[in-house]
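Right, one structure below, let's go through it.
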Amino acid sequence: MNSWVNSAEILGSDLPLELSGTGNRRALLMDALREAVRSGRLAPGTRLPPYRSLAADLGLARNTVADAYAELVAEGWLAARQGSGTRVAERAAPVTPVHRARTPERVARPVHDLVQGQPDPSVFPRTAWLASARRALATAPDDAFGPGDPHGRPELRRALAGYLARVRGVRAAPERIVLCSGAAHGLRLLAQVVGGPWAAEEYGLPFHRALLASHGVGTRPLGVDANGARVDGLTRRDRAVLLTPAHQFPTGGPLHPGRRAAVVDWARATGGLVVEDDYDGEFRYDRQPVGAVQGLDPEHVVLLGSVSKSLSPTLRIGWMVLPQRLVGPVVTAKGEREQFSSATEQLTLADFVESGAYDRQVRRMRQRHRRRRDQLVEALERRAPHIRVTGIAAGLHAVLELPPGTERSAVRAAAWQGLAVEGLADYLHPGSEDAGRADAPRDGLVVGYATPAESAYPEALEALCRALPPG
C-alpha cells in the first residue's frame, strides 16, 4: 500500500511556523518543497499527500496548495499522474546541493545537451580527414605556405563549385566563391559591403541579428508560417533579406516555390539582395533536398554555407557564392591577406571533397540524424502524445509545440532535469510584436538531437519527456 509522507516529514518541524508569516503562502510552500527535494529529505519517487490533506495540516487554503503543486509540476520538481497522485520527479542524474544564493532552482552544469546547432564531436571522420591532410600536404604548391589570398585557396573553390552545383543546384564558377570562417563571418563582410536596412525572418538566430546591428545594419522582421517567410512584406527600402529557405530556422519547412520566385522578383525589381543561409541544406530525411534559391538568379542571391554542421565548427571554413558585382568589394572588405582560415585546412577540405569522403560523411551523418530524429518522435509518441513535433523532415533539430503559456516553465523544468534546451521565444525577433503580427508568438522547445553521445541519448530523451507539461 502506497502511503504518503506527512507535512513534518516534508517540511521539517520549523517550516510550518515560517508558512504562518506574512509572506506569500504559496511561494513559501514552494520554497520549502524545493528545499526538501534538494536536501534529499524527499527522494525521487516519494509520494506527496493530497493537496487537501497538506492544506489541512498546514492551515492553508486548498487552492494555495493545489497551485503550488501545479507550478512545481510545471517546473519539473514534481510529477503528477492520473490515479497515482503527486510524486517527487525522477531526475536525469543526482543533483549536488548548492548554496541557494548562488544557483537557485538550477542545475549548475547540464547533464545532457539538447541545444541545437552542433554535431556530436565524437563522429568527426578522423581517419579520412588525416588521409586527406597527408595527400594535401604532399601535393601542396609552395605558395600555399606563403601569405594567403583573401579569395581562399583555388583548390577548395574549384572543389566547392563542383560539389555545390551537383548537390545544391548552385550556379557558380570558382571565381564567384570567396572563402570565409563561417556564416557569421560572411554576414559581417556583407554588412560592410551592402549596408542596411535588412529584412529577416521573425524567427532566427539572435546572434546573427546582433552581428548585423554591430555593423550598423538594422533588421526588421518578416512573418513566418508553414510556407516559410512571408516575403510579400519586403519593401523597396530593404537593401537585403536574410532567409533560410531550405529549412526555415528554427521552425522548419522549406520556403514555398511561389515565395522563392517572389523573393527573386523583389530582388530584381528593387536591386535588393537575397542572402541565403544554407546552414543544413544537405540533411534531408523524408524528401529530396530542395535546391538553393541561388540557382534561380546568381546575380541577386548570395549563398552562405559552411562545414560546421557536417564536419565540425572548429574547422572555421565557410563560403560565400556571390554575384559578380560583389566579389571585389567583399574581398576588399576581407583584407589583403587571408587571416581567418588555415590554408592547410582548406587544402585538406578540397581533397576531402574531391576524393568523395565528404559525400560519404554527409550520408553517414544523414542516416545517424534520421535515426536520432525517429527516436525523438517515438519517445514523444510514447511518453507525451499530446505534444506535436514539427520541422522533422530535415536538419539537426525539431520544434516541440507546447500549450500556450508553458514554454518558460518547461525550460525551467528541463534545467532541473539536468537538460540544456532552448525555448522558441529565444529566437523571436524583438521587433515582431511591433510589426503588427496577426498571431501570437508560439510556445515551444527547440530540441537539437545531434549532439549527445549514442549512449547518453536515450536518457536525454527520458529527461526531456519528464520536463514537458502534462496533457
Side-chain angles (χ1 to χ4, degrees), residues 5 10-12 15 24 26-48 51 54 65-81 84-116 376 379-380 383-384 386-387 399-403 405-426 443-449 451-452 456-471:
V5 293
I10 294 174
L11 303 176
L15 284 173
N24 181 290
R26 181 177 59 83
L28 288 170
L29 176 59
M30 290 174 62
D31 284 345
L33 287 167
R34 292 189 192 104
E35 181 58 33
V37 175
R38 259 196 301 261
S39 67
R41 291 202 310 275
L42 288 180
T46 301
R47 187 180 179 190
L48 300 185
Y51 70 87
L54 188 58
V65 180
D67 290 347
Y69 274 16
E71 188 157 345
L72 290 173
V73 167
E75 291 181 4
W77 296 85
L78 306 180
R81 290 288 184 270
S84 63
T86 302
R87 298 176 182 272
V88 177
E90 299 288 346
R91 297 191 296 278
V95 180
T96 303
V98 293
H99 193 280
R100 291 191 62 190
R102 295 179 60 189
T103 53
E105 304 178 31
R106 183 174 294 274
V107 177
R109 185 172 182 176
V111 179
H112 302 292
D113 185 359
L114 291 182
V115 174
Q116 64 76 34
L376 169 63
L380 292 171
R383 294 286 305 276
H386 58 288
I387 299 295
V399 173
L400 276 54
E401 296 185 357
L402 301 179
T406 63
E407 179 179 309
R408 292 184 62 185
S409 60
V411 172
R412 290 196 301 268
W416 173 241
Q417 296 289 344
L419 193 65
V421 68
E422 296 170 314
L424 188 57
D426 294 337
D443 281 57
L445 295 180
V446 180
V447 178
Y449 46 75
T451 303
Y457 188 55
E459 188 178 354
L461 293 182
E462 288 297 308
L464 174 66
C465 291
R466 289 194 294 269
L468 295 174

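Keep in mind that what you see is a predicted model, and the values were worked out from it rather than measured.
Nearest approach of V88 to L78, heavy atoms of both residues: CA-CD2, 4.1 Å. For E407 against A425, the heavy-atom pair with the smallest separation is OE2-N, 2.9 Å.
Contact annotation: the side chain of V37 never approaches that of T46 to less than 4.5 Å [non-hydrogen atoms, C-beta and beyond]. Counting heavy atoms from C-beta outward, L419 and L464 have side chains that approach closer than 4.5 Å.
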Please lay out, stage by stage, how L48 and L42 fare under the test side-chain contact (heavy atoms from CB on, under 4.5 Å). CA-CA 9 Å; L48 300 185; L42 288 180; 4.0 Å; yes

Between V65 and L29, is the side-chain contact (heavy atoms from CB on, under 4.5 Å) condition met? List the steps. CA-CA 8 Å; V65 180; L29 176 59; 4.0 Å; yes

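Between atom CG of residue L114 and atom OH of residue Y457 there is a gap of 7.0 Å, rounded to the nearest 0.5 Å. The line from CD of Q417 to CD of E462 is 10.5 Å long, rounded to the nearest 0.5 Å. In this structure, L54 CG and L33 CG are separated by 7.0 Å, a value rounded to the nearest 0.5 Å. Atom CG of L424 is separated from atom CG of L400 by 10.5 Å, given to the nearest 0.5 angstrom.
A donor-acceptor pair under 3.5 Å is formed between the side chain of H386 and the backbone N or O of P469. With D443 contributing its side chain and L402 its backbone, the two residues share no donor-acceptor pair below 3.5 Å. No donor-acceptor distance shorter than 3.5 angstrom exists from the side chain of Q116 to the backbone of V446, with no hydrogens or angles considered. Without hydrogens or angle criteria, E401 side chain to G444 main chain gives no donor-acceptor distance under 3.5 Å.
Under the side-chain contact (heavy atoms from CB on, under 4.5 Å) criterion, A66 pairs with Y51, sequence neighbours left out. Listed by chain and residue number, nothing satisfies the salt bridge (Lys or Arg N to Asp or Glu O under 4.0 Å) test with E422 (two or more places apart in sequence, or in another chain).
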